[in-house]
K.L.:
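Could you have a look at this structure, given as structure tokens, before my questions?
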Amino acid sequence: GLSAAGVLLLKPDLSSLRVLPYAKASGVVFGTAHSQLDGCLSPLCMRGLLERVITSARDQFGLQFNCGFEIEFTLFKARSNSAMGEPVDISRFAEPATLNEQQGFMSDLVQQLSDQDIVVEMIHSESGPGQVEVVLKYQRDVVGIADNVVLARETIR
């Protein structure tokens, strides 16, 4: 008898609290999922799994991680007659056209990420039309950068 009630308890990690710059009256906080029966970390909790992997790698093998992420996305024209959408340009890899023509969006994006303490190391155009890559700065706090990827992707949307 598994039901929706009485299964998992979410414990917030208040150090992850961020105000969302695109929705100033809203915030987000990450947490872990625990069994309500015994308080143990749930095997269904992905954040808890990541923390267990980090601890196991450190304790069993003396390993530490330094992670960075590259988030790629495509910008489409707001009004397009195509059912698939129409990219904002037809630029190629590392051409400045996308960044120059979309400078307003790019500046807003970098500012909103910065407002959430997400450090952008680089932004450049990618191989496809309208495709952009945002590179987040490497860091040793693997759980923190995983949180940043979730926040960055949500901000980009």
Side-chain angles (χ1 to χ4, degrees), residues 1-78 80 83-85 87-88 98-99 102-126 128 130-157:
L2 185 64
S3 72
V7 178
L8 294 176
L9 172 68
L10 298 178
K11 293 186 179 179
D13 173 2
L14 296 180
S15 71
S16 70
L17 177 64
R18 316 268 177 90
V19 173
L20 300 176
Y22 50 86
K24 299 255 187 226
S26 298
V28 66
V29 65
F30 293 97
T32 50
H34 298 259
S35 167
Q36 285 187 347
L37 301 176
D38 61 11
C40 290
L41 188 63
S42 170
L44 302 174
C45 178
M46 294 298 101
R47 198 165 196 259
L49 172 62
L50 179 57
E51 290 171 345
R52 287 192 307 271
V53 168
I54 293 165
T55 300
S56 177
R58 183 192 64 229
D59 295 348
Q60 292 180 23
F61 305 104
L63 297 175
Q64 292 183 333
F65 298 96
N66 189 17
C67 295
F69 283 89
E70 299 175 352
I71 302 170
E72 296 186 20
F73 57 95
T74 302
L75 295 172
F76 292 94
K77 292 181 180 177
S80 173
M84 295 293 293
V88 294
T98 303
L99 301 181
Q102 304 304 319
Q103 188 272 334
F105 170 79
M106 297 299 170
S107 293
D108 288 348
L109 176 60
V110 170
Q111 184 60 56
Q112 288 184 12
L113 293 174
S114 177
D115 290 348
Q116 296 173 83
D117 297 323
I118 299 172
V119 179
V120 174
E121 195 166 80
M122 176 177 29
I123 296 179
H124 64 86
S125 59
E126 264 294 336
Q131 189 177 5
V132 176
E133 179 177 285
V134 174
V135 180
L136 302 185
K137 184 177 179 171
Y138 284 81
Q139 61 186 65
R140 291 192 187 276
D141 178 5
V142 179
V143 174
I145 198 165
D147 292 349
N148 286 349
V149 169
V150 171
L151 291 168
R153 289 179 55 145
E154 190 63 30
T155 302
I156 291 166
R157 280 181 221 180

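Note that the structure is a prediction, hence the values are computed from the model and not measured. As a basis for the values below, the full set of heavy atoms in this structure was taken, side chains included, without hydrogen atoms, waters or symmetry mates.
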K.L.:
Where the side chain of Ser16 meets the backbone of Phe30, is there a donor-acceptor pair that is under 3.5 Å apart?
P.N.:
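Yes; at least one donor-acceptor contact below 3.5 Å.
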K.L.:
Evaluate the side-chain proximity of Met106 to Val110: yes if any heavy-atom separation is below 4.5 Å, no if none is.
P.N.:
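Val110 vs Met106: side chains apart.
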K.L.:
Hey, what do you get for OG1 (Thr155) to CG (Leu20), rounding to the nearest 0.5 Å?
P.N.:
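Output value for this atom pair is 7.0 Å.
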K.L.:
To the nearest 0.5 angstrom, please state how far the CG atom of Asp108 sits from the OH atom of Tyr22.
P.N.:
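OH of Tyr22 is found 14.0 Å from CG of Asp108.
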K.L.:
Among side-chain atoms of Gln102 and Thr98, is any donor-acceptor pair under 3.5 angstrom?
P.N.:
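No pair is found: no donor N or O on one side chain lies under 3.5 Å from an acceptor on the other.
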K.L.:
What distance do Leu63 atom CG and Arg58 atom CZ have between them, rounded to the nearest 0.5 Å?
P.N.:
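One finds 11.0 Å between CG of Leu63 and CZ of Arg58.
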K.L.:
Search all heavy atoms of Cys45 against all heavy atoms of Ala33 and return the closest pair with its distance.
P.N.:
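Between these two residues, the closest heavy atoms are SG-N, 3.3 Å.
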K.L.:
Taking the side chain as every heavy atom from C-beta outward, state whether Thr32 and Asp13 have any pair of such atoms under 4.5 Å apart.
P.N.:
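Answer no - side chains too far apart.
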K.L.:
Val132 and Ile123: side chain to side chain contact (heavy atoms under 4.5 Å, CB included), yes or no, with the steps?
P.N.:
CA-CA 7 Å; Val132 176; Ile123 296 179; 3.7 Å; yes
K.L.:
Set out, in order, the CA-CA distance, both residues' side-chain angles and the distance that settles side chain to side chain contact (heavy atoms under 4.5 Å, CB included) for Ile118 and Arg18, then state yes or no.
P.N.:
CA-CA 11 Å; Ile118 299 172; Arg18 316 268 177 90; 3.9 Å; yes
K.L.:
Using every non-hydrogen atom in the two residues, find where Pro87 and Gly130 come nearest and quote the distance to one decimal.
P.N.:
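Looking at all heavy atoms of both residues, the shortest contact is CB-N, 4.2 Å.
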K.L.:
Any chance you could lay out the side chain to side chain contact (heavy atoms under 4.5 Å, CB included) test for Phe73 and Val134, step after step, and finish with the verdict?
P.N.:
CA-CA 9 Å; Phe73 57 95; Val134 174; 3.6 Å; yes
K.L.:
Please check if any side-chain donor atom of Thr55 sits under 3.5 Å from a side-chain acceptor atom of Glu51, or the reverse.
P.N.:
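The answer is no; no qualifying pair exists.
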K.L.:
What's the shortest heavy-atom distance between Leu41 and Arg52, and which atoms?
P.N.:
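It is CD2-NH1, 3.3 Å.
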K.L.:
Ignoring hydrogens and angles, tell me if any N or O in the side chain of Gln139 forms a donor-acceptor pair with the backbone of Asp141 under 3.5 Å.
P.N.:
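Checked: pair present.
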K.L.:
Please tell me if the side chains of Val28 and Glu154 come closer than 4.5 Å, counting only heavy atoms from C-beta onward.
P.N.:
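Counting from C-beta outward, Val28 and Glu154 never come under 4.5 Å.
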K.L.:
Minimum heavy-atom separation for Cys67 and Ile145, please, with both atom names.
P.N.:
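Cys67 and Ile145 have their closest heavy atoms at O-CD1, 3.2 Å.
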K.L.:
Closest heavy-atom contact between Leu136 and Val149?
P.N.:
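Taking Leu136 first and Val149 second, the nearest heavy atoms are CD1-CG2, 4.0 Å.
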K.L.:
Please report the interatomic distance NE2(His124) to CD(Glu70), rounded to the nearest 0.5 Å.
P.N.:
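With rounding to 0.5 Å, NE2 (His124) is 6.0 Å from CD (Glu70).
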K.L.:
OG of Ser35 to CG of Leu9: how many Å apart, nearest 0.5 Å?
P.N.:
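So the gap between those two atoms works out to 9.0 Å.
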K.L.:
If I take atom CD1 from residue Ile71 and atom CG from residue Leu113, how far apart are they, to the nearest 0.5 angstrom?
P.N.:
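The distance works out to 7.5 Å.
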